[in-house]
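Have a look at the structure below before the remarks.
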Amino acid sequence: MGEIAEFLESKAVAKKIVEDRKKLPDGFLDEEARRVKIGVWVRDLLEKQISKYTLATHVGKFANPDSTVHLYVESKERPDGYLTTENTQCETDIVYTNANIMTAAMLLLYKMEDGQSILEHILNQDGKADELKLYGIDSEKLYQQFKDLKTGTRGFTDKNLRQVYFPISEGEYHLLTVMPSTSELGTLFDKLNIIRREFSAARDPKDPNYGKDCSNVWDKTVITFGGTKPQNISGLNMLHHGEGYLVSSLPPVLNERDLILPKRNFFKESVPYSEYGSFVSRLHALFKINWNNAGIREKRDRILGGIIDTAMMTAGRIREENPSGWSDDEKYNGLPRFQKIWLDNAYESEREGDAWVEAVSKDFARWIIRTYEKIERDEKVTLGDAETDYFRNTIYDQLREEVRLGL
C-alpha cells in the first residue's frame, strides 16, 4: 500500500466509511470493495467541494477574520536577489467560504514524505499523485480542474484590513495594505518544526540519531490565528492548528575580531594599533632629546622591543590559530611570499634560509618609520639610514633567534 493509499484509508476509517482492517476477522477483508468505497467517498467530496475553493498564497483572514481579500502569487524562482513569495517554493493554501466544506481541502493539503502536499504534486504533474487512480480518481483531470479554478487575484483592499495612504501625484493617492505571505508562514512553520525535532533527536540518548550534527532556531514566538476555530481561516491554518512562528528580526551580535589575517601586508593589517601605538609615541619623545647616552639607548631598545614583541606575538597567533596552508587561498594572493613563509606553517621548511628574514626585517623598518611619520605628522623628527638600519637589524636578530628555537 502506497503513501497516499495509507493516508486515504486512515481518513476513511476515521469517518467510518470503511472498517478498521485490524478489527476484521480473517477472510472478511475485501480489498477491492474497500477501494471502491473509499473512491466513491473521495470522488464525491472532490466533486462537491473543489469548485467552491480558491487557491491563495496571501489570505486576508489571517489579519482579520472578516476580510474577504486573498491573493495568489505563482512561484517562478527568479534569481533577482529578493526574498519574495514569487522567488521561493512555498505551499499553496486553500480558502473556502464555509468550514463545512473543508474535508477535501484537508485531503489535498496532506503532506507526503517528500514535504510536498498531494495538491502540489497534482499541480506539478510529477506523477507522484498517480496513486489516486486506484480509487478511480484521475490526477490529470484534477489538474485541469485546479487550473480552471479561480485564484485570489483581487487587486484592491477592503475596510477590514489596515491601510496606508500612498501619494502618487497632487491630490491623488492609493490605499495600500501590506499582506504577509501566509503560504510562506506555513512553509516556515513546517521547516522550523523539522529543525526542532532533529535537534531534540540529536540530544536524546535513546534516539538512533543521538549525537548527530544539528542546529536550532532560537527566540521563536508562537502566534495563533482563528482562536478556537482555525478552520474558519484557511486550509493551511487548520492543518497547522492555527499556529505560526515569528522569528527574531534583531541584528546579529557580532564579536569584534582581534586577529585579522593579512591580504597584502602583515604589519599594516594585522598588528593591532592599540598594542603598539603608545610605544611609537614614547619613541617620539626619545627622538626629540638631543642626548645619546647609554640610558637613552637602553630606553629606546626597550620601547622598540615592545613593538617587536607585539608583532611577533601576533605572527605566532596567526600560525597557531589557523590551519596550515591558509595563505594559499585566492584572497591572500597579494600577500608577499616572504610573509607567507613567516606566517603560514605550510612554508615551515623554507624558514631556514635568510632571504625571507631580510625581507621581513626591511618591511618592518619601513613600517615603523611610516607609522611614526603618520602618527606624529608635523611634530615628527626626520629619521635617516641609521634609524632604518637599527630597526631592521634589531628585528632581524629576533627572527633568527625565533627560527633557531623552532618557534
salt_bridge([X], [Y]) N-O dist < 4.0 Å:
| X | Y | value |
| --- | --- | --- |
| D114 | K128 | yes |
| R302 | E298 | yes |
| E376 | K288 | no |
| D389 | R392 | yes |
| D301 | R297 | no |
| E350 | K340 | no |
| D354 | R400 | yes |
| E269 | K263 | no |

key: Approximate separation, where rounding is to 0.5 Å, of I303 CD1 and Y276 OH   =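 Result: 15.5 Å between the selected atoms.
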
inquiry  = Nearest 0.5 Å, please: how far is CD1 in I368 from OH in Y390?
reply    = 10.0 Å

Side-chain heavy atoms of [X] within contact of [Y], under 4.5 Å:
| X | Y | value |
| --- | --- | --- |
| L343 | S327 | no |
| V95 | Y53 | no |
| K111 | D190 | yes |
| K191 | T187 | yes |
| F338 | D363 | yes |
| H70 | H58 | no |
| D309 | Q398 | yes |
| K362 | T388 | no |

task = Report the residues that fulfil side chain to side chain contact (heavy atoms under 4.5 Å, CB included) with L123, sequence neighbours left out, ordered by chain and then residue number.
result =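 Expected list: T92, L119, F146.
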
Answer yes or no: is there a donor N or O on one side and an acceptor on the other, between the side chain of [X] and the main chain of [Y], under 3.5 Å?
| X | Y | result |
| --- | --- | --- |
| R319 | W342 | yes |
| R351 | I341 | yes |
| S117 | L109 | no |
| N124 | E120 | yes |
| S181 | E184 | yes |
| D93 | T57 | no |
| Q163 | L176 | no |
| Y110 | L8 | no |
| Q339 | N265 | no |
| K16 | V13 | no |

Side chains of [X] and [Y]: do they bring a donor and an acceptor to under 3.5 Å?
| X | Y | answer |
| --- | --- | --- |
| E140 | Q125 | yes |
| D130 | H121 | no |
| R264 | Y332 | no |

query = Can you list every pair that meets salt bridge (charged side-chain N to carboxylate O under 4.0 Å, His left out) and has a residue in residues 200-215, with sequence neighbours left out?
reply =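 For residues 200-215, and leaving out neighbouring residues, there are no salt bridge (charged side-chain N to carboxylate O under 4.0 Å, His left out) pairs at all.
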
Pair [X] and [Y], ring centroids less than 6.0 Å apart:
| X | Y | value |
| --- | --- | --- |
| Y372 | F287 | yes |
| W367 | F267 | yes |
| F166 | H174 | no |

Per-pair distances, 0.1 Å, donor-acceptor, side chain in residues 243-254, under 3.5 Å, sequence neighbours excluded:
from : atom 1 : to   : atom 2 : distance (Å)
Y245 : OH     : N193 : OD1    : 2.8
S248 : OG     : L250 : N      : 3.3

